[in-house]
Amino acid sequence: MKFYNTSRGQLIDTKAVTKALKSGIIGYLGLDVYEQETDLFFEDLSNHVIQDDVFQRLLTFPNVLITGHQAFFTEEALKNIAETTIGNITDFEQGRPCPNRIDLDQVKK
């Protein structure tokens, strides 16, 4: 089985995925996101010891590809992001209900 995650790092249990890689249940893994990515992808860490053992273990597999959250960076994705953002602003300005609005009572505390 091939497994790809380009959505949110928190959607997968990385330790379980590692186990599935080791057992062969997952044959290939592609991650464009990782739960702790802000600590890993947005600066040059080539002269640092990475403290995330789970991430380091994933890097040892020859059948794993990890990119630094780049899947959103396509013309189509950026166009969709811009259209949604402009639509949200327009709805708000014109007093229309916004389908993407999140009220405080919807947020888990």
Side-chain angles (χ1 to χ4, degrees):
M1 169 185 19
K2 297 176 185 175
F3 185 81
Y4 303 98
N5 184 9
T6 61
S7 179
R8 294 283 179 258
Q10 295 86 347
L11 292 180
I12 66 167
D13 179 341
T14 310
K15 289 181 182 178
V17 167
T18 301
K19 207 173 188 180
L21 283 162
K22 289 169 67 175
S23 70
I25 293 171
I26 295 178
Y28 298 95
L29 175 66
L31 297 178
D32 184 58
V33 290
Y34 180 71
E35 191 170 359
Q36 305 300 326
E37 67 188 25
T38 56
D39 298 330
L40 299 168
F41 293 126
F42 304 109
E43 62 183 277
D44 181 4
L45 299 175
S46 57
N47 291 322
H48 295 82
V49 175
I50 295 176
Q51 299 298 319
D52 187 327
D53 293 338
V54 175
F55 182 76
Q56 287 291 79
R57 179 66 177 119
L58 286 173
L59 293 177
T60 67
F61 292 96
N63 54 341
V64 172
L65 176 64
I66 303 173
T67 57
H69 202 128
Q70 299 300 310
F72 81 95
F73 201 58
T74 64
E75 184 176 335
E76 179 182 4
L78 292 174
K79 180 178 177 241
N80 290 339
I81 291 168
E83 288 174 353
T84 299
T85 302
I86 290 169
N88 290 338
I89 292 168
T90 303
D91 288 341
F92 179 78
E93 284 181 334
Q94 297 183 1
R96 295 190 304 240
C98 176
N100 299 302
R101 180 181 173 147
I102 298 173
D103 292 318
L104 190 56
D105 61 337
Q106 294 173 292
V107 179
K108 292 181 181 179
K109 293 183 181 185

Would [X] and [Y] show up in the same hydrophobic cluster when neighbours are defined by side-chain heavy atoms closer than 4.5 Å?
| X | Y | result |
| --- | --- | --- |
| Leu11 | Ile25 | no |
| Val54 | Ile12 | yes |
| Met1 | Phe61 | yes |

Among Thr67, Leu65, Leu58, which one satisfies side chain to side chain contact (heavy atoms under 4.5 Å, CB included) with Leu31?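 Exactly one candidate clears the test, Leu58.
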Any salt bridge (Lys or Arg N to Asp or Glu O under 4.0 Å) pairs touching residues 46-67, not counting sequence neighbours?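 Output for this query is empty, none listed.
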Mind jotting down which residue pairs meet the salt bridge (Lys or Arg N to Asp or Glu O under 4.0 Å) criterion with at least one end in residues 83-100? Sequence neighbours excluded, please.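 The answer is Lys79-Glu83, Asp91-Arg96.
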From Asn88 CG over to Asn100 CG, what is the distance, rounded to the nearest 0.5 angstrom?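 Here the rounded value is 4.5 Å.
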What is the distance from atom CZ of Phe55 to atom CD1 of Ile50, rounded to the nearest 0.5 Å?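 It comes to 5.5 Å.
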Hey, can you pull the donor-acceptor pairs under 3.5 Å for the side chains in residues 13-22, sequence neighbours left out?
| from | atom 1 | to | atom 2 | distance (Å) |
| --- | --- | --- | --- | --- |
| Asp13 | OD1 | Lys15 | N | 3.2 |
| Asp13 | OD1 | Ala16 | N | 3.2 |
| Thr18 | OG1 | Thr14 | O | 2.9 |

Smallest separation among heavy atoms of Ile66 and Val64, with atom names: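 Heavy atoms only, the tightest pair is CG1-CG1, 3.8 Å.
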